[in-house]
Amino acid sequence: MFVAKTVKEVRNFLKNEAKFGKKVSFVPTMGALHEGHLALVKKAKEIGEIPVVSIFVNKTQFNDLKDFEKYPRTLDEDLSKLEPLNPSLVFAPEDLEIFPRQSSFKITPQNLVNCLCGATRPGHFDGVGLIVTKLFNIVKPDVAIFGEKDFQQLAVIKKLVGDLNFDVEIIAHPTLREASGLAMSSRNQRLSEAAKIKASHLFRVLCEIKKNPHFLSQKKEELLALGFEKIDYLEIRGEEDLELNPNSLRRIFVAAYLEGVRLIDNLPFDNQLPN
Ligand code: AMP
């Protein structure tokens, strides 16, 4: 597992390794790694001969500076967690390596971002588009793996890759959950133990809406009564177009705040309940 800090180191490493047409598989992360991230890395190992992981807290996708500052940074622990999986390369650059100056170019999605997290976090997906574009240009992966936990992000990245002809296959990975049902997230570290228990109600509510969608507005009230401070959305939308009246399969999406931490989750609507 080679740990690179600079773009040059990544390029030199990959030039040597990828010479013989080996497949580069890529998992971009913002660190504070948990089992959800590690499942993506395992998948990358299965499908590529050169699995690459990046760890970079991307300032441009945070619309709230305080959220960026509070985001957990645990590089040493992250590297220890990755070591047993032994990806070929971990790219963990400093801010200035990726953004030595403000970018003169923007990646602004024209679709899929007027709802859900796009509506409540203005500019967030511009930041995601920019960092993913830069990382794809640095790593030049054949395959990249993204989690369904960030379902809108996955949809935006698929569109980015299709519309701008990136030569990379995007693979979706299902959400890993705690035994309580709570979707694993780096942000969970910021919750008290009591709040972690409370946070698992998000998954319960998604499962109940899946059984009976008429409960939707009632469930919003229920979350607020349980102590969630704010609900950005609790909605059923299409998996492909993210529209309220979709042509495709539907999914239930939620974003809610607990102890000031914004938590998101989603569940497919048009198939069976998970066990
Ligand atoms: P992040 O570090 O939050 O930017 O996430 C990096 C990648 O891991 C993204 O593709 C996420 O969707 C994915 N991810 C985060 N949490 C989970 C989870 N609980 N299960 C599966 N994938 C996840």
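Whatever order the structure lists them in is the order used to number ligands and atoms, beginning at 1. Here the structure is a predicted model, which means the values were calculated and not measured.
When hydrogens are left out, the protein atom nearest atom 22 (N) of ligand 1 is L40 CD1, 3.5 Å; that is the closest non-hydrogen contact. Taking atom 3 (O) of ligand 1 as the reference point, the nearest protein heavy-atom neighbour is Y71 OH, 3.8 Å. The shortest contact between atom 12 (O) of ligand 1 and any protein heavy atom is with D150 OD2, 2.6 Å. Shortest contact from atom 10 (O) of ligand 1 to any protein heavy atom: G147 N, 2.9 Å. If you check which protein heavy atom lies closest to atom 20 (N) of ligand 1, you get L176 N, 2.8 Å.
In summary, the atoms of ligand 1 found under 4.0 Å from a heavy atom of F146, numbered by their order in the structure, are 10 (O). The T175 neighbourhood of ligand 1 comprises atoms 19 (N), 20 (N), 21 (C), with distances under 4.0 Å to a heavy atom of that residue. Contact atoms of ligand 1 toward M184: 16 (N), 17 (C), 18 (C), 19 (N) (distance under 4.0 Å to a heavy atom of the residue).
Taking only non-hydrogen atoms, the option from H37, R187, M30 nearest to atom 5 (O) of ligand 1 is H37. Of the candidates P28, P174, A183, A39, P174 brings a heavy atom nearest to atom 21 (C) of ligand 1.
The pair K196-E193 meets the salt-bridge criterion, since a charged nitrogen lies less than 4.0 angstrom from a carboxylate oxygen. Between K23 and D142, no side-chain nitrogen of the basic residue sits less than 4.0 Å from a carboxylate oxygen of the acidic one, so the salt-bridge criterion is not met. Salt bridge absent: D167 and K140 never bring a charged side-chain N and a carboxylate O closer than 4.0 Å.
Counted by atom type alone, E178 and S200 present zero donor-acceptor pairs between their side chains at under 3.5 Å. Between the side chains of E9 and T6, at least one donor N or O lies within less than 3.5 Å of an accepting N or O.
The closest approach between any non-hydrogen atom of H173 and ligand 1 is not below 4.0 Å.
Separation of the F91 and F56 ring centroids does not fall under the 6.0 Å cut-off.
The cluster map of Ile, Leu, Val, Met, Phe, Trp and Tyr, joined by side-chain heavy atoms under 4.5 Å apart, puts V205 and L216 in the same cluster.
Contacts of H34 with ligand 1, taken as heavy-atom pairs under 4.0 Å, involve the side chain alone.
Put simply, the residue from K59, R262, R190 that forms a salt bridge (charged side-chain N to carboxylate O under 4.0 Å, His left out) with D67 is R190.
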